[in-house]
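Reading through the structure tokens given below for one structure.
None of the values given here were measured: they were computed from a predicted structure. So that the names make sense, note that chain A is the first sequence line, chain B the second, and so on, each numbered from 1.
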Amino acid sequence: MKDHHHPFFEFLLLAFPKAFRAAFGDGMRDAFVDAHTACGGSRTRLLRLWARTAVDLTWSGIKERRYSTQPSGTARESTRGWSGTGFSLLDLKLGLRMLLKHPGLTIVTMFALAIGIPVGLTPTHLANAAEAPLPVPDGNEIRLLRYWNQARGTSAATTFYDFLQWRDGLTTFESLGAVRTSAYNLDSNDGLAPPVQGAEVTGSTFDVLRVAPFLGRTLAAADDVRGAPSVAIIGYDLWQSRLAGDPKIIGRDVRIGGVPHTIVGVMPKGFLFPVRHQLWLPLRDSPTVEPREGAPLTVFGRLRGPDAEDAAQAELTTVGSRMALAFPQAQEWLQPEVVPFSYIAVGGAPKGGIKALPEFYVSQILTIFLLMVACANVGMLIFARTAARSGELAVRTALGASRSRIISQVFTESLVKLILGRGVGITLIGIVVGVAVATALARALQGLLFQVSPADPLVIRLSASLLFTTATLAAWLPARRASRVDAAISLRY
Amino acid sequence: MYGTYMYETGNLAEIDLSTATHKPHASPLSATDWHVLMALVEEDLHGYAIMKAVERDSRGAVSAEIGSLYRILSRLMTDALVDEVAPPADAPTETRGRPRRYYRVTEEGRAALRQEALRLGEALELARDRRLVPEPSK
């Protein structure tokens, strides 16, 4: 690890009081760098180190804070047993006991958070997924070229004519390709011919993507010529599932849409382009096509470097103006734009992406509202539960429990309840609901976009911090209230 | 010089503190404290080296994570059992723009370790007397 000021480690250090950080922060950082280096790049060991460190720093920090606010001369707690990890086992035990004693409250809490948080984060998750680069070498250099209809505020179709003009007129792109998706009947002599999601692509497509074939070759410019032999490239999964992984597949003829095609290449496992497609045929439109005529297609290209987007947009605007002058009726309202490739899945989004859509803000507000309602409900339930226990808390106070002890107990009980609500808890329903919601979201995203991981780290971090904040607030308020119980009054009545 | 040492259990034990020059530590050491202090007996060490030494000496039975270790060091320093010292002359050159922090067990720390060792020795003797553990092979 080159940078020993790891942001997450620094964040964890905040659990300790400032004075402690000033005295020991550097030493702790050095120790973590050493421990990190000792993991030798093993993901499993790193994961274990992070998990251990996160738990240890959090609890040690809380303990240290508690100790530092006590009057001077107070003995620190023994490090026996859990040897200084600072975890309050008693509080945790009481929390778990409460969960089992009040299953109704537990289930409601878990439902509120297991559904509220994943659903609430969906718009952010989708927006981030929609802006992720293509998972190909230097995928962040690949951009979509499209028209934006300024009059209607939507995207407009591009055609083969636009592709030709842009390909010949743009120098800020290393290469340009075009793709038109469709469904094809693939007759592979297995008696089945369900449609396969595929695409017609220009030979340059594979130059833009820089992905080598698993077997055979990819398409080339010579395949784009009308009258050239009918060839096809297939995806790995299609090769395995419909063509039995035939090792002699290269050169074999299959009927696609009733026409014999020779398979000349198999792409590597996981390659799905442009979205979830795995059959590619040459795109052979007539080079003499007129503007705004012919079937729509998608144009994309590889920038000369990831920072060339502004230059590319300027050049595209110039070329677009020239085309608009030549064909004013056809091009007048159309503004050519360079946008991230992932917009292929959200064609109607403006240039700022999903996050620039008013609908996104509305959904964010609704999300926050939904979460607030969920948190308020949870808070009320815990609050009511705590109020009903004033007698028990009064007894604890009368027996000598300090105010901080009562706060600690109620706080940990509530925190345990809320954190278990994320879907990893002891109640099966909580687990089932949490997992079902998460899986449904993951599947929906995978279906939408080519290989975009549903486990977006940003969303996981957001989800964790949201959960923590919610849990802390909903646990802290009743805990403070509980600590104000007057033992004399509560016990008398 | 002889000192009287009262354990938490209320038992009294006479311990030879003739080599100690300071007041002894007032209670039995926890396993982690014992291993942290023991790690520093032979040489001054920095935090990560202490963590590794604790793990090695206890054969994995005791592990001090970063936060816990530094809380223990802080407490042991408050109790004057451990001191922070300058890095040894042969310590590797640092690239982090500052010297590493090394720790050394103080005389009080050594006295506390001696007390604890004696206490453990007596406990072992007692266990042998009651035949809970076998006599050492000669």
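Remark: L57(A) CG to Y70(B) OH distance equals 11.5 Å, nearest 0.5 Å. Going from atom CZ of R71(B) over to atom CE of M28(A) covers 10.0 Å, rounded to the nearest 0.5 Å. Here the straight-line distance linking atom NZ of K63(A) with atom OG of S68(B) works out to 11.0 Å at 0.5 Å rounding. Atoms CG and NE2, from D30(A) and H46(B) in turn, are 8.5 Å apart once rounded to the nearest 0.5 Å. Expressed to the nearest 0.5 Å, how far OH of Y48(B) lies from CZ of F32(A) amounts to 11.0 Å.
Only the backbone of A23(A) comes within contact range of chain B, with at least one heavy atom under 4.5 Å from a heavy atom of that chain.
Remark: the backbone N or O of I66(B) is not paired with any side-chain donor or acceptor of R52(A) at under 3.5 angstrom.
Contact between G67(B) and S60(A) at its shortest, heavy atoms only, is C-OG, 3.6 Å.
Salt bridge R100(B)/D34(A): present, at least one basic N to carboxylate O contact under 4.0 Å.
Enclosure of atom CZ in R104(B) is not indicated, since only 12 or fewer non-hydrogen atoms of other residues, nucleotides or ligands lie within 6.0 angstrom.
Within the 4.5 Å cutoff, the side chain of R101(B) has no heavy atoms near those of the F24(A) side chain.
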